Amino acid sequence: MQCIGGIEKGIEKGIQATIRTCKNFNINKDAVIKNLMKEFSLSEEDAVSYIKKYW
């Protein structure tokens, strides 16, 4: 089941890159949260958690 772990790591890297890019373009956190929810099918709670982790 290493493949699933690799997929999860890849998704996390994508989320991290999305947050970094949005931050570099001065996009506000609320817009980034909405984008993460849409693009990665996250709940608001999970999106906020990633923002706290990577912002």
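The model shown is predicted, which means the values in this text are computed figures rather than measured ones.
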Any chance you could lay out the side chain to side chain contact (heavy atoms under 4.5 Å, CB included) test for E12 and F40, step after step, and finish with the verdict?
CA-CA 10 Å; E12 180 124 2; F40 295 96; over 6 Å; no
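- Smallest separation of non-hydrogen atoms from V32 and C22: CG2-CB, 3.4 Å.
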Tell me, with the steps shown, if L42 and I15 meet side chain to side chain contact (heavy atoms under 4.5 Å, CB included).
CA-CA 10 Å; L42 297 175; I15 291 169; 4.1 Å; yes
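- Shown here for W55 and I19, the closest heavy-atom pair between the two residues is CE3-CG2, 3.8 Å.
- Screening residues 37-52 for side-chain hydrogen bond (donor to acceptor under 3.5 Å, both in side chains) gives S43-D46 as the qualifying pairs, with residues at least two apart or on separate chains.
- Among residue pairs with one or both ends in residues 16-35, none qualify as side-chain hydrogen bond (donor to acceptor under 3.5 Å, both in side chains); sequence neighbours excluded.
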